[in-house]
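In what follows, a single structure is set out as C-alpha cells and then discussed.
Since the model is a prediction, treat every value here as computed from it, not as a measurement.
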Amino acid sequence: MFESVDDVQQRFRASNYIASQRISTVVFLAARMGRPVLIEGPAGVGKTELAKTLADVAARPLIRLQCYEGLDEGKALYEWKYAKQLLYSQLLRERISELITDAMSLPDAVAKIAGQEDAFFSFRFLAPRPLLQAILADSPVVLLVDEIDKAEPEFEAFLLEVLSDFQVSVPELGTIRARHIPFVALTSNNARELSDGLKRRCLHLFIDFPTPAEELDIIRLKVPEIPERLAKAVVAAVQRIRAMDLRKPPSVSESLDWARSLVILNAQTLDPALVESTLTMLVKYEKDLERVRGALDKVLAD
C-alpha cells in the first residue's frame, strides 16, 4: 500500500490531509503489519477524515460503521431479509404443498420442510451490514469503525473476535472468512474508557489539537484563498480561545469553517465586531459564547 513513511506523508498531502511524522509512521506500520489502528483524540481534529483520506490515497472502498448506544451484532454484522423470505414462501406455497403431500404425520411434514431450509437461508436472503460487507468484499477495503466509545462494552467485546480472526459465524451458513484483510481504523472521542483487549489488538494513535504552525499549514492548504495576515490572526485567536476553560473548545473543522466564513465576508483583518458576529462558527454553547465575548480583547491581542 505504501513504500515508506515519507510516501504516506506525501500522498496524504496530495489529498489535502497534513499527516505529521507520527501519524504517517503509525499508518505505514499498520499497513505493513496488518493491524487495526485505534485513533483517539478530541472531536474535530481529523480522526474520521484520516480514514477517509486513507481510502482515497489507497484507492480502496470505504466501509463505515457508525457506532451509537444500542448498536448490536444484527445492525453491525448482518440481518435476514425476513420479508423477502416470507414473500418467496408465499410464491412457492404450491411447491411446498407438493413436498409434504406424502408426509405421514406433522413431524414428517416439518422434517421435509426443514430439509429445504437452505433454500431460504442463503446469501440471497442475507442483508450484510458494514462488518460483513468488509469481510465479503471482493477487493481490499478500509473499514472505519467510527466513535467506538459510544457503543456498549458488550459490542466492543464482540468486535474483538472479528478483529482477531477477520471471520464471522452465521449459524445457518457456517463460518465466513475474509476474502481480503481490510485496513481497520477505529476512532474514539474518549467518551468512555476502552478495554485493554481492544487497545492491545490495535496500534494506538492520539491526535490532539494542532500546534499554531500546524494549524496555519492546515488553513493554508484547506482555505488557499485566505490572506496570509488573516490566516495568522485566525490561528492566534483560535489558539487563545482553546486555552480558555470552555465546555467545548473549537475543533480544527470549526476553525476552518470560521476561516472560510471570513473569506466569504471579504475580511482582511479581525476586529471585535466581526469576531463577535461570526463567533458561533467557532463556539457552540451559550456559556462558552459569553465567556469568549467577555475576553475579546485578549483573544484579539497582537
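- Distance check, rounded to the nearest 0.5 Å: NZ of Lys232 to CG of Leu216 gives 7.0 Å.
- In this pair, Phe155 and Phe158 present their aromatic rings tilted. The plane angle is within the 30 to 60° band.
- Taking the six-membered ring where the residue is Trp, Phe2 and Phe12 present tilted rings, their angle falling between 30° and 60°.
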Quick one: do Leu270 and Leu262 satisfy side chain to side chain contact (heavy atoms under 4.5 Å, CB included)? Show the steps, please.
CA-CA 9 Å; Leu270 293 181; Leu262 294 171; 3.7 Å; yes

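- Crowding of Glu3 atom CD: a count of heavy atoms from other residues, nucleotides or ligands under 6.0 Å not exceeding 12.
- Side-chain contact between Glu214 and Ile18 is absent, with no heavy-atom pair separated by less than 4.5 Å.
- When atom types are taken as modelled, the side chain of Arg291 and the backbone of Lys287 share no donor-acceptor pair closer than 3.5 angstrom.
- Shown here for Leu300 and Arg240, the closest heavy-atom pair between the two residues is C-NH1, 4.2 Å.
- Between Ser24 atom OG and Gln10 atom CD the span is 9.5 Å, to the nearest 0.5 Å.
- Using modelled atom types, one side-chain atom of Lys222 and one backbone atom of Asn16 make a donor-acceptor pair closer than 3.5 Å.
- Annotation for Ala185 and Ile39: closest pair CB-CD1, 4.3 Å, computed over non-hydrogen atoms.
- Ser255 and Glu215 are linked by a side-chain donor-acceptor pair at a separation below 3.5 angstrom, with hydrogens and angles left out of the test.
- Under a 3.5 Å cut-off, the side chain of Glu147 and the backbone N or O of Cys67 do not form any donor-acceptor pair.
- Under the 4.5 Å side-chain heavy-atom criterion for grouping Ile, Leu, Val, Met, Phe, Trp and Tyr, Leu246 is not connected to Tyr285 through any hydrophobic cluster.
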Before giving the answer on side chain to side chain contact (heavy atoms under 4.5 Å, CB included), spell out for Val283 and Arg293 the whole-Å C-alpha distance, their side-chain angles and the decisive distance to 0.1 Å.
CA-CA 10 Å; Val283 185; Arg293 287 191 185 109; over 6 Å; no

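- Taken to the nearest 0.5 Å, the CD atom of Gln268 stands 7.0 Å off from the CG atom of Leu230.
- Results of the side-chain contact (heavy atoms from CB on, under 4.5 Å) test with Leu186 over Leu163, Val37, Leu65 single out Leu163 as the only residue that passes.
- Salt-bridge formation is detected for the pair Lys75/Asp72: a Lys NZ or Arg NE/NH1/NH2 atom is positioned less than 4.0 Å from an Asp or Glu carboxylate oxygen.
- Across all their heavy atoms, Leu50 and Ile23 have their closest contact at CD1-CG2, 3.5 Å.
- Shown here for Asp56 and Ser15, the closest heavy-atom pair between the two residues is OD2-OG, 3.0 Å.
- With hydrogens and angles disregarded, a donor-acceptor distance shorter than 3.5 Å links the side chain of Asp271 to the backbone of Ala273.
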Worked check of side chain to side chain contact (heavy atoms under 4.5 Å, CB included) between Ile219 and Leu256
CA-CA 6 Å; Ile219 289 177; Leu256 288 171; 4.0 Å; yes

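- A pairwise comparison of heavy atoms in Gly44 and Lys47 identifies N-NZ, 4.3 Å as the closest pair.
- Here the side chains of Leu131 and Val168 are not in contact, with every heavy-atom distance at 4.5 Å or above.
- Side-chain contact between His180 and Arg60 is absent, with no heavy-atom pair separated by less than 4.5 Å.
- A salt bridge links Asp146 to Arg64: at least one charged side-chain nitrogen sits closer than 4.0 Å to a carboxylate oxygen.
- When hydrophobic clusters are built by joining Ile, Leu, Val, Met, Phe, Trp and Tyr residues whose side-chain heavy atoms come closer than 4.5 Å, directly or via intermediates, Leu265 is grouped together with Leu282.
- To the nearest 0.5 Å, the span separating CG on Leu71 from CD on Glu152 amounts to 8.0 Å.
- Atom CZ of Arg22 sits in a crowded spot, with more than 12 heavy atoms from other residues, nucleotides or ligands closer than 6.0 Å.
- In this structure, Met244 and Asp288 have side chains that are not in contact, with every pair of non-hydrogen atoms separated by 4.5 Å or more.
- Looking only at distances, a side-chain donor or acceptor of Tyr17 sits under 3.5 Å from a matching main-chain atom of Gly46.
- Two residues are said to be in side-chain contact when any heavy atoms from C-beta on lie closer than 4.5 Å; Lys199 and Glu193 meet this criterion.
- Using modelled atom types, one side-chain atom of Arg242 and one backbone atom of Pro250 make a donor-acceptor pair closer than 3.5 Å.
- A salt bridge does not link Glu73 to Arg129: none of the charged side-chain nitrogens sits closer than 4.0 Å to a carboxylate oxygen.
- The number of heavy-atom neighbours closer than 6.0 Å to CG of Asp208, taken from other residues, nucleotides and ligands shown, is above 12.
- When hydrophobic clusters are built by joining Ile, Leu, Val, Met, Phe, Trp and Tyr residues whose side-chain heavy atoms come closer than 4.5 Å, directly or via intermediates, Phe28 is grouped together with Met33.
- Judged by distance alone, the side chain of Arg177 and the main-chain N or O of Phe166 form no donor-acceptor pair under 3.5 Å.
- Within the 4.5 Å cutoff, no side-chain heavy atoms of Glu69 are placed close to those of Lys150.
- Contact of the Pro42 side chain with the Phe206 side chain is registered, since non-hydrogen atoms from C-beta on lie closer than 4.5 Å.
- With contacts defined as side-chain heavy-atom distances shorter than 4.5 Å, the pair His204/Glu40 qualifies.
- In this structure, the side chain of Arg192 engages the main chain of Ala151 through a donor-acceptor pair within 3.5 Å.
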Checking side chain to side chain contact (heavy atoms under 4.5 Å, CB included) for the pair Gln21/Gln9: CA distance, chi angles, key distance, verdict?
CA-CA 7 Å; Gln21 186 75 13; Gln9 209 161 19; 3.3 Å; yes

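- Between Leu160 and Ser195, the closest heavy-atom pair is CD1-OG, 4.4 Å.
- One distance of note links CG of Leu77 with CD1 of Ile176; it measures 8.0 Å at 0.5 Å rounding.
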